[in-house]
Protein chains: 2
Amino acid sequence: MTNKDARTPASTQNPTETSANGEAGKSVGWHKAYVEGTRPGLRVPVRQVHLTNGQSVTLYDTSGPYTDPLVDTDVRRGLAPLREDWIVARGDTEEYAGRPVRPEDDGIKHTSPRGGLRNLDAVFPGRPRLPRRGRAGRAVTQLAYARRGEITPEMEFVALRENVSPEVVREEIAAGRAVLPANVNHPEIEPMIIGKRFLVKVNANIGNSAVTSSIEEEVEKMTWATRWGADTVMDLSTGRNIHTTREWVLRNSPVPIGTVPLYQALEKVDGRAEELTWEIYKDTVVEQAEQGVDYMTVHAGVRLAYVPLTANRKTGIVSRGGSIMAAWCLAHHKESFLYENFEELCEILAAYDVTYSLGDGLRPGSIADANDEAQFAELRTLGELNTVAKRFHVQTMIEGPGHVPMHKIKENIDLQQEICDEAPFYTLGPLTTDVAPAYDHITSGIGAAMIAWWGTAMLCYVTPKEHLGLPDRDDVKTGVITYKIAAHAADLAKGHPGAQEWDDALSDARFEFRWEDQFNLALDPDTARGFHDETLPAEPAKTAHFCSMCGPKFCSMKISQDIRREHGGSRDEIEEGMARKAKEFAEAGNRVYLPIAD
Amino acid sequence: MTNKDARTPASTQNPTETSANGEAGKSVGWHKAYVEGTRPGLRVPVRQVHLTNGQSVTLYDTSGPYTDPLVDTDVRRGLAPLREDWIVARGDTEEYAGRPVRPEDDGIKHTSPRGGLRNLDAVFPGRPRLPRRGRAGRAVTQLAYARRGEITPEMEFVALRENVSPEVVREEIAAGRAVLPANVNHPEIEPMIIGKRFLVKVNANIGNSAVTSSIEEEVEKMTWATRWGADTVMDLSTGRNIHTTREWVLRNSPVPIGTVPLYQALEKVDGRAEELTWEIYKDTVVEQAEQGVDYMTVHAGVRLAYVPLTANRKTGIVSRGGSIMAAWCLAHHKESFLYENFEELCEILAAYDVTYSLGDGLRPGSIADANDEAQFAELRTLGELNTVAKRFHVQTMIEGPGHVPMHKIKENIDLQQEICDEAPFYTLGPLTTDVAPAYDHITSGIGAAMIAWWGTAMLCYVTPKEHLGLPDRDDVKTGVITYKIAAHAADLAKGHPGAQEWDDALSDARFEFRWEDQFNLALDPDTARGFHDETLPAEPAKTAHFCSMCGPKFCSMKISQDIRREHGGSRDEIEEGMARKAKEFAEAGNRVYLPIAD
């Protein structure tokens, strides 16, 4: 919607600063600040908004070091390994040679120009590093630590970030009601937590495909998405250079990165599902775990017996991973190799503290298929797998639909919470109608707000391009902003402590005609300011006691301020004083509208 | 979002036709059709979508004669008076000289260039007409007819339009649970109904202001809004030429037009609220009723005693009408002249069959003020006034908020339905958070879908410019499409008969890769097609069995079709046949993806 021009690294600079500089002599509306923890070096980034009335408002910040003018970021060097000391200090992990990178990791046909290397070197030039994993016999997941009663620096970090006690964080993780995705090989992240007792989170999907887009675009989309508020990013690349693209994204990402290993595994067998094997899949999971992927979608709930349940659906199987596993089961007429080898997979994820996102491969792809037998059969299996994962101390969240009409949404979250022992629910939308392609960020934003209010911990965004094409920069921004709205609306409805302070600050600014404060407090200051300036561009208009909707004479806010001026104080004072006040009002000229000069 | 180029009357032509013509040899995706009624000349317009598989889908259509290539429309002549014969045939109304148009009807300072006359003649050049009103002692409202057991042509029209029996329509109107806004002086409209047993309706606000916009722009916005699905349009003009702008809009509008007479009345006293009188207001109501306004927002619930209840609110009074009446009450320390003279006002509205929209002048303007004492005190008064209006056979709906967090929305509709004897609820949003200026079509679309599911009959749209400026063409379209999504999502959740057929048709097209059908069935075919073409512009791509999100090899839809091909039929057949099918699948080359040529 905006910023089409800001395609340089500068696009990740403070957006308000950029805009404000365009306005003579206006000071920056907000700056990056940090909340210090008890441990040396532990500081949590926040967005400090400075209001023209001298007050300031502190907001949750996901944009990473990119919005800190004091930090010199370089996409070729990558971000500083914030967590490295904490990980090393625990002494329960070790570096090792690791798996050699093979040509097929980036896809076989390197001759293909599509998605070929552009603008960036193929191999990430940043500092050389060895992969790290848990020592033999050591449980190195945040879940294991929490169960042992340990409060890790990562837990303290999210406690400060969420403004709760570290003990609450530990309890929620230990109970499996929350996850803290933090692969030991992704030290660059600023820790965050996903659970219903915390702020609702938003994931943004990026990823090239066989058809279009490059490495640089994907890194750019990641920084762009986090700048607008994405709490995690999933790299769903399916084209060439999957391994290399992921390396660039991970080394530059301040948020946890998720993937679907099955996509890369299928690339390795040139798209022939039946040629997939447990060995190829396992090798791909190790490859990604060594790179630092923080959570992985695993479609282990798509069992052979469930495939026929989708035969008479209106839209069959719409999950890519689900359809690939279904095709494999059909080809071999065998049980899913993911289901059969799930315990061994748990051992691998546990060694790196990779979090499970148990995928809903049979989610409905249309209103007609919502809450059907196939969907709930898989959900019951995900509940069973969640129990297994917890035995291995693997943090686990459960993925949810999809396309669901409003009256069938609550059943999804209630059933998931019951079947999966309150493991965090991570839903795509849901879309509440099928009739609005090009507006599915909205059809799904409606369902997302509702299901988050009822307990979903993280929302996977949907962009305007859903069903139609790959999202560009503007689509990513629109998708993230729409989902931040859904998430915050849910935080308000859940009565999350402090959530309403943001709304109150913005409404105060609106009521007092502090336009600049209104813009700076907005989810998207640039667009808010731009829309205002379309009709009232003049600088004085930003201090005007009216706006273009009503014009001076009709300004209800102005009238309300007169009323408050006259009727502030207790009800009694008001009642007894009304006649007198009315007289004063008349003597003052009975003006509903007071001149701007006033 | 699109169609920036189509600013001529052609912009009101069939959008798909326009687009389709751009594609060599492609036939038009839909055409305007009519469903014949039992009475001669009674035919209901519908949108007939032609699918490439030979089937067709019939959709509700609000676009009026403008989308019928067989009708020659001319904005200077106005639309044909569809209802005139029906009105005359009833014999209970009479033409009369009417109130002379005065200079102040268009505002006093004609010297002001702002909002001055441009591009169109000041006076509407269409056929001269005398105003019409009910004969002495005759009750001429649709409510009166319904109570007498009469099924009017208007009722039969909406029955065909909603696909229900005329008797259901009559019953709902007679019970006051639905309104059929149809001023005897607005014969141009295609009748529609507003009530919880019918399809959820959407209103679009237009109107110039003291700051900007012209007559032509407002007429253009009206036809533009109805083209995208607006069921009614409110003309909220507050600048110059209010009377003339409204005449142009009425004579060219196929949908009911609503207004807030108080805005024009205030213009007549140059914005000095305290100078308003019952006589000036009454004269303005008669002026607008003679022109043909179908429903009027009346803020008669803002009583003197309630004004102090807003003094300590975060955002005071945000309703323009509410703040004007509050200022008047303060200036005179008297009870509202609208409340005091409500019965006389009922007599006037009854004579023209103008429908009440009892305004919520004290609606909350921020999350902090939702569901407070001031809001509900006014609602109780609206319930009392609803009872009075019904005594005069005046059709009545009740307006609702505003800014309300999700967990406080249901209380609003439940309380309104109880207090107002199930009179239709007509809500603005509600906005579920204050933090997203420039995206309030989304913050409010969430609340709108929910409150409509729970029983709200009509939704007043909010555009991206809410709180920031006046909506332009693109904002109007975005607002209407967003609210059509909310309304249809609610129709689905309410299980409205036939609502899901639309979703099913689009999902079938999606599953079978009938791209053109998917576009033509979309709420916004132009934008859907445009997004698809951005990544796969080639014409063959529209018949391709994959899209740009996954590319050929990953297409889950394709895989699902293979599964269906193999597992169609009953569960038993499927089970017993799986081994054999798997064998065939292997012999067929185990291809997950079948070439496009296939």
Problem - Side chains of A:Leu266 and A:Leu276 in contact at under 4.5 Å (non-hydrogen atoms) - result: yes
Answer with side chain, backbone, both or neither: which region of [X] has an atom nearer than 4.5 Å to a non-hydrogen atom of chain B?
{"X": "A:Leu523", "value": "both"}
{"X": "A:Ala448", "value": "neither"}
{"X": "A:Ile481", "value": "side chain"}

Practice task
State which residues pass ring-ring contact (aromatic ring centres under 6.0 Å, His included) with B:Trp502; sequence neighbours excluded, sorted by chain then number.
Solution key: B:His488
Exercise for the section: Please determine, by modelled atom types, if A:Asp504 and A:Ser507 share a side-chain donor-acceptor pair under 3.5 angstrom. Expected result: no
I'd like to know which of [options] tops the heavy-atom pair count under 4.5 Å against chain A.
{"options": "B:Pro437, B:Gly445, B:Pro471", "result": "B:Pro437"}
{"options": "B:Leu431, B:Ile442, B:Asp369", "result": "B:Ile442"}
{"options": "B:Asp491, B:Ile409, B:Ile446", "result": "B:Ile446"}

Problem - Any donor-acceptor N/O pair, B:Asp475 side chain to B:Asp472 backbone, under 3.5 Å - result: yes
In terms of heavy-atom pairs under 4.5 Å with chain B, which of [options] leads?
{"options": "A:Asp503, A:Leu236, A:Ile485, A:Thr433", "result": "A:Asp503"}
{"options": "A:Thr432, A:Leu492, A:Thr443", "result": "A:Leu492"}
{"options": "A:Ala522, A:Ala493, A:Ala368", "result": "A:Ala493"}

Problem - salt bridge (Lys or Arg N to Asp or Glu O under 4.0 Å) partners for A:Asp508, two or more places apart - result: B:Lys314
Handout entry: Interchain contact, B:Ala499 with chain A, by part (heavy-atom threshold 4.5 Å)
Key = neither
Practice task
Kindly assign one of parallel, tilted or perpendicular to the pair A:His441 and A:Tyr439, based on the angle between their ring planes and the thresholds 30° and 60°.
Solution key: parallel
Practice task
Look up atom CG in B:Asp440 and atom CZ in A:Phe531, then write down how far apart they are to the nearest 0.5 Å.
Solution key: 10.5 Å
